Structure formats: C-alpha cells, structure tokens
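Source: prediction; values computed, not measured. A, B, ... follow the sequence lines: proteins, then strands. Residue 1 opens every chain.
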Amino acid sequence: MWKRSVLPHLRLIWDYFRTNLASAMEYRASFLMQAVGMAINDVFFLFFWWMVFQQSSSLGGYEFNDVMSIWALSASTFGLLHIFFGNVRKLNGLVQSGELDIFLLQPRDPYIHAHTARMNFSAWGDFVYALLLFLFISGFHPGKWLLFLLFTIGGALLLGAVLSMADALVFYWGDSSGVTRLVTEFMLNFSLYPESIFRPGVKWIIYTILPTAFVVFIPYRVIQHFNLPVCLGVFAVDIFAVLLARKVFNSGLKRYASGNRMGARM
Amino acid sequence: MKTMLTASKLTKNYRAKIKEPGLAGSIRAIRQPQYREIVAVDEIDLEVERGEMLAFLGPNGAGKSTTIKMLTGILTPTSGTMSVAGLVPGKDQRELAYRIGSVFGQKSMLYWHLPALDSFRLLGAIYDVESNVLQKRLDALVELLEIGEHLKTPVRKLSLGERMRCEVAASLLHKPEILFLDEPTIGLDVVVKAKIREMIRRINREEGVTVFLTSHDIGDVEQLCRRSVIINHGRMILDSTVDEIKRSYLHKKVIRVQYVMDIDCTALEGFKVLQCKGNEAVLEVDAKDSSMHDTMGRLMAVGEVADVTISGMPMEEIISAIFQQEDSRREKGGDDA
Amino acid sequence: MKRFFRKYGSVMRVAMQNSTVYTRNFIFGSLFFCLILFMFLQLWEKVAGERGLVAGYSINRLLWYYTVAEIVTLTRSDMLERLNNDIRSGDVAIQLLRPYQYLTSLFADAAGQIVLRLSINVPIGCLTALVLVGPLEGFQLIHLPFMILSILLGLFLSLSMEAVIGLTAFWTEDNSAFFWISQKLAFMLGLFLPLEMLPDWLRSIAVFLPYPYMMYAPARLASSFSWAEAAWLLPGQMAFGIAVFVLAQAVYGRGARMVNTNGG
C-alpha cells in the first residue's frame, strides 16, 4: 500500500522540487533577493516583539524566547509548505488562467500535482530564517531539533490542507481569492502570537476550524516536554486533514469539469 | 480497431451570469444574479480514424476549445457520448492521459528559465517513462523535430518557432496515440508556420500519430489536413474533405471593379456586394447563376470602368462564406437564442 | 479649472465604479480589518495587565490608535501595480500621447479608489472599535476636523510615496524590495508601534523620516488629541506630503524624458 499510494506522490514532489530549484538557480539574483527580502521582513517582526517585551516581561507565562520559538515554528512551517507546494493559495489563479487543465491532462493525482508544481522562492527566506532563529534560541539539542523538523513537516501538511480547502471554494463560488487571503491571514495571525493572549472563544477556533493549535502551540509544548501520545495525535490530525482536503478538492474538480461557473470564458 | 475517436451528439451548456452595465447593474447582479444558458457545443458528431489528420475549424468562440476540452477529459459534456483511444474521457482519465498528447496554444509545458531538456526529464517522470526509454525517445524526437541544438539552451532564449517545436516534443515524449493541437501556429510568422506544419506532417506520417488540430488559420488546413470539420455557434456546419470544399466553391468568383468616378452603390442591386465604397466595389458572383458576359455588361453600365480583377475564392473566404450562409440561415430560421 | 475637474473627476468616477465589482473582496478585506484589531486588543490587554496602561495609552486609546492607523494602511489604491505595469509594458509611452498628465490622472484614479475604500473602512473600523472598547475617551467634536485632515494628509503622503517607488520601475527590473522595506519601516514607525513605544534614540531619528507622518500622526491625533502635538504633526505631514509629491513629479519627469528619447 505504501509503495502504491504514497511513494509515487513523494517521487513527484521530489522531481518538481529538483526542477524548480534548478530553475531558481538559473536566476540566482532574483531568487536571493526574494529570499533575503523575506528574511528582512522577518527581522522587522523580531524588532516588534522585542519592543512589546520592553513593555512587559511576560505575557501570561510566555516570555520572549517562547514567542520566538513559536514564531520559528510557524515560519518554518509556512516556509516549508511554500517551498514544496508553491501553488498552495494559487488555485484561484490556476483556475482563472486555465492552467489547471494541464494537471488534468497528465497522469498524476491532480490535487498533489497542482500544488507541488511550483516553488515559492521567498519561502526559502522564511525557512532559513526560522532555522537560524530556532538554533539561536534552543542551541543544538538533537531531540528538540528532530521534533522541530517533524512538526514542521506535519504542520506544513496541515496548514496546506486548510489553505487548499479554502482555495477550493473557487470551484463553487467562482473567484474566491478573498476567502483564501482571509483564511491565510487568520491562520498566520493565530500562529504568530502566544496562545496565552487568546480569549476563550478564539481558543475554540484554533483547536477546530483554523487549527493553528496543531501547527504551533501543541507542537511547542511537546518540544518542551515530550509526550508521545500527544505527538502521535498531532500527526494523526495532520494526515486526516490532508486526506480531507484532497477529497474536497476532488469533489470541487467535478464541478470544474461540469463547467457551470466558468461560463464567461470558453 | 480503426477508429481513434468518436463523439455522438456531444453537447455542452454553460450558465453565464449576466450583468447590466453600470454601478446599479453591478449591485443588482450581486443581490440577484441572473443567469443565461449558453449552448457552447450543440450535438456534434465526430469520427476520426486512426492515423488521420483532422482540422477543426471555426471562428473565435465557435466552441472549438470547449470541444477539445471535452475530448481530452477536462470538461464533462452536458450530454452525448464520446470515446478516445477506446476510453471514455473524464471517466478513464488516468489511462487516457498516457495515450493522448496535447499542445494548447500559449500554455507552455516548459520551464522558462531552464533548458528544455530539464522539462523533458520532469515530464518523463510524470508519465512514468523509464530513463533509458526516455533517452531513446528523445533521440528520435530530436531528429524528427530538429531540436538537437536547442535542448540545452534555456527556453527563454529560444525563438517562438523553436520553442513551439520543443513544446510539440514535450507532448510526444510518452508516445501518445493521438495528439491534440490547439492553435499550434498562432502568433508565428509565415516561415515558422511552414516549418511547424512540416513537423506536424512528419509526426503524423512517421509515428502514425492521429492529429486533431484546431485552428482559425486556413493555411494549417490547406496544407495539413485532408479532412476538415467546421463549426460555428457550437454547431457542426460542414464535415468534408478539404478538396471537396474547394471544388464546390470553385465556381464562385470575386470581382473587384474600379470605376473612374464614384458610383451609386444602389446601382449594384441584385449582386452580392461584399464591399462598395467611393469608386470601388467588390462583388461575389456564382458562375452557375449568371454568365460572365452578362455580369460584365451590367457592371459596365454602372459607370466607366477603370480596372477589373477577377479571382477564385481563397480558402479563407470560402470559409467565411460558409459561416455567413450559416448565420443568415439561423437568422431566417429565427432560432437564435 | 472646470475642465481640470471634469477630466480628472470622470477618471475618479470610473475608478469607483470599477471597484464595486470587487464587493466580495471588500467584505473580506473588512473582516481582515476586524481580525487585526481584535488581535491587537488581545495582545495589548495582556501586555497592559493590571496597570491597564501601555506607554501612556489606555487600552481604549490604544485600540482607537490602531483603528485609525489601520484605516490609513488598508485604504490603498493600485497605484504601485499600475505604475509597474504601465512602465514595464511600455504603455506609459502611449499614455504620454494622451491629452492629460499621466501622473495626475493616476492620482485622480487612486483618489477614486481611496474615497470608496475609506467609505467602507471608516465605518467598519469605528464600529469594530466601538464594539471592542467603546467610544473614544475624551473625544471632542472640535478635534474632528483636524483628525480628518490628518488622515487625508497621511493618505496623500502614503500615496505619493508609492508613486515614487512605482516610478523607479523606469530604472529597475524589480522594485518590490523597495516597497517592502518602505512598508515595513512605516509599519514599525507608527502602525504597529506608536512612537511612544520606541527607544528614545530611534524616536529622535524617526521624526525626521516621512514614515511617522503616514500612520502615527493621524492615529496619535485621533486617539490622544492635543493642540501642542497637532501644531507640529500637521505641518510635518503637509511638508512631507508636498515634498514627496514634488519628488514624484520630478522622478516622473526624468523617466518620461528617458522614454521619449529612448523610445521606450
């Protein structure tokens, strides 16, 4: 089952990763500029948090280092997702430009294929910056690093699943890029602040429909105090989300094929 | 199995939102969207033999793209049945993908900044072509399409024609049985067009690939295909050999008359006037209906003739004549939605 | 003068009509606005803790500060994208032939979009702030005209800045890095952090940069109005607004001459 249902997807992702990276290397200057730009962007936010902690040394038990760790985790997750699945959040554009057709004409799983076909270069800035930040805060602790990387992968899958589900609304509504942007903003905002500031209502949200708790907060607790059942639970949630998102995408695709919404463009 | 592709009563309806102009219209369209059913493809019947080259013609918006999207399984038809390479598009999509190749106009399969070879390797992986098989296949295609020297150049540095040949190679890597070409010569200059046509002919002849080609360029049809299907407003209006089309319109002539002084266009009543302005008129006459002698006599009665040219109809105009006939028939029939 | 208004006024009106097509995006943009305010409220409440005070701002004033600062930030036009597109595609050469001043018509178009967005962002922001923290403490009607003036000046300065950045497209392939850095400076020197939260040395540098006059000035005047501060913030906004606008005209003049002589 592994060999037939997972391995081909991994190979496809790897093949695209290699080709996209080669393409990025062809115009190094622009690639570096985007990546460095993103890293500078991140430095500004470090400054922001530094200033916030000048006003108060602890936010409900979270200190500067905690916030930075959470932030490292969310930046690495976001970065990794956009490195390997650069077309995530781009479905609206793919549908409108008709590029989605290509993925339907080729013998691969359209959900994975469409998302993995591109690499977002600036995401490297986020990813590398996040690794450096984590190194700076946690030093080199093999166990923590292993968990950090595993949760980054799992979180990327979960985040990608949620964002792609929002994006799949394009199949039902026509242009839904506004929803995609909004869900992205919510997911980002809910994973960049310490959990302690959230009011109870928001906690409900981050443990359910916008599950940033499973992307950053629970993983961060597990990295600090390892707990196997919780760890496995998080991965189960990640995998479930991906399967669900793929189902949503595929049923949306049926509507695309029936072409009711695409009227104006023939 | 001799038949490559069949379609019967293939139909596709769209629902389009309609919006009245202006601000008020926009707001109304959001509150209470109005829809209009558009028949993009209307009961098309098709049959293509293995190894055939078929031209699928029509003006923009005639339903060509919609048809090709249905045949390749991207769109599901509203009604009707079809089969391509013995498979049902959309249903057996995975298997079908291995058997068809496609080049869609301006939608590139090649990485812009990389040499085409890198894209070919990626496509080989996507289509599960073993690497030694891929290498042999590449060698063959390089020879067939004469792209050897372009393989290692970044695609952005290739000319449009070179790039198009690489696109075609990309679509043939997995040895498809049928190749769908959507406007393959669009935007190319005359010399490059000829080259691409030559390549397509070669692919068809040497690889035995069935070619299904849409175009609004008559040259593609005249030079490539023996048979052509013409559609307009989603309906098939002609399915015959290219030669036959030409023959049946051979007796039609186009006459361009130049008078010394401006003429009164109403004096040409009774003729089919294509154009009349100032001292010049362009007419279409059917040699079956009236003798050239009478025609010339009547034309000379209108004014003092300075110059006359008489020509047979080029394919382009034959087709637009067919469209015009069809359109006027529809208007008279009053079945225009 | 009348012709001027008729010409550029209709450019502005068309821009407003065009924008209504994106009603759905407006709704989502507004939700985003609410989210940001809500996040800030949660954060600063925690920071303020028992004291209820951050850098001299009460939670109520601080949230109104963010509301106004965000109104200025979110009320954007597509000036930058337009300039980038027109210059890269060479359309600008065609625009030069038309009987109106290209840059002025872009400003008119942007003004149209801004008016429309303001008419949505102001009520959304004020409503959200009202729900979250109630009416602004110590609000007096006499301050209102100065607040509005300050917001408009902030918008004008931001827009002129965008124009300058967009116009660099005449010389650079990719100016998005300039925009990013400029935007982040504006965020840190006024949007996310009121000047009062910055260390002294940084604050004394910041007042000589244009950035605090985009978001900080209107947000400060709106949340904690004082005549003394208005007396230096408003003139500062005007001075920087005019300076940057003149700079944009000059940059455009150079770029246009270059296009004319090089033929695009």
Side-chain angles (χ1 to χ4, degrees), chain A residues 27 29-30 32-34 36-62 67 122 125 166 169 173-190 192-203 205 210, chain C residues 21-57 62 74 132 172-189 191-200 202-203:
Chain A
Y27 50 134
S30 171
L32 276 178
M33 185 133 138
Q34 284 188 49
V36 170
M38 195 48 103
I40 290 176
N41 183 42
D42 293 349
V43 170
F44 276 110
F45 282 90
L46 194 137
F47 173 77
F48 170 73
W49 281 108
W50 184 46
M51 287 295 121
V52 170
F53 278 96
Q54 296 292 308
Q55 303 291 331
S56 167
S57 59
S58 165
L59 291 178
Y62 278 78
V67 175
S122 60
L169 282 176
W173 291 8
D175 182 13
S176 69
S177 50
V179 186
T180 308
R181 267 208 310 282
L182 199 68
V183 171
T184 309
E185 290 298 342
F186 272 85
M187 288 299 280
L188 263 178
N189 271 287
F190 288 157
L192 291 177
Y193 295 86
E195 193 185 357
S196 62
I197 71 161
F198 295 133
R199 293 180 178 184
V202 178
K203 288 206 175 156
I205 294 174
L210 299 170
Chain C
V21 177
Y22 308 109
T23 313
R24 203 140 59 180
N25 284 342
F26 269 142
I27 296 169
F28 294 120
S30 308
L31 280 171
F32 169 68
F33 194 179
C34 300
L35 168 74
I36 293 287
L37 289 181
F38 181 54
M39 295 304 293
F40 274 136
L41 176 65
Q42 293 184 90
L43 174 66
W44 293 110
E45 262 180 350
K46 209 75 186 180
V47 171
E50 301 282 287
R51 283 170 298 145
L53 221 60
V54 187
Y57 288 89
L62 194 57
L74 293 177
L132 291 177
T172 59
E173 266 295 300
D174 184 7
N175 54 13
S176 58
F178 299 151
F179 176 68
W180 265 17
I181 291 178
S182 177
Q183 190 195 37
K184 293 294 134 39
L185 282 170
F187 281 5
M188 292 306 146
L189 305 177
L191 173 63
F192 290 168
L193 298 166
L195 288 194
E196 287 73 19
M197 290 188 195
L198 299 177
D200 292 340
L202 188 56
R203 197 170 0 171

Test item: C/Trp44 and A/Ile197 side chains (from C-beta on) under 4.5 Å apart, heavy atoms: no

Interchain contact, C/Leu41 with chain A, by part (heavy-atom threshold 4.5 Å): side chain

Which residues share a side-chain hydrogen bond (donor to acceptor under 3.5 Å, both in side chains) with C/Gln42, sequence neighbours left out: none

Parallel, tilted or perpendicular, as decided by the 30° and 60° cut-offs, for the rings of A/Phe45 and C/Phe192: tilted

C/Phe179, part contacting chain A, at a heavy-atom distance under 4.5 Å: neither

Over all atoms of both residues, closest heavy-atom pair of A/Leu182 and C/Phe32: CD1-N, 3.5 Å

Contacting moiety of A/Tyr193, where chain C heavy atoms sit under 4.5 Å: side chain

Pairwise distance CZ(A/Phe186) to CE(C/Met39) - rounded to 0.5 angstrom: 9.0 Å

Euclidean distance, C/Leu202 CG relative to A/Phe47 CZ, rounded to 0.5 Å: 5.0 Å

Distance, nearest 0.5 Å, that separates CG of A/Leu59 from CD of C/Glu45: 12.5 Å

Contact leader toward chain A among C/Leu193, C/Leu35, C/Ile36, where contacts are heavy-atom pairs under 4.5 Å: C/Leu35

Gap separating the CE atom of C/Met197 from the CD atom of A/Gln55, nearest 0.5 angstrom: 5.5 Å

Minimum-distance pair of heavy atoms, taken over all atoms of A/Gly60 and C/Lys46: CA-CE, 3.8 Å

By side-chain hydrogen bond (donor to acceptor under 3.5 Å, both in side chains) - contacts of C/Glu196 (at least two apart): C/Tyr57, C/Tyr216, C/Arg220

Residue part contacting chain C, namely of A/Phe198, when any heavy atom lies under 4.5 Å: both

Atom pair CG/CZ of C/Leu31 and A/Arg181 - distance to nearest 0.5 Å: 12.0 Å

Largest heavy-atom contact set with chain C, pairs under 4.5 Å, which of A/Ile40, A/Val52, A/Val36: A/Val52

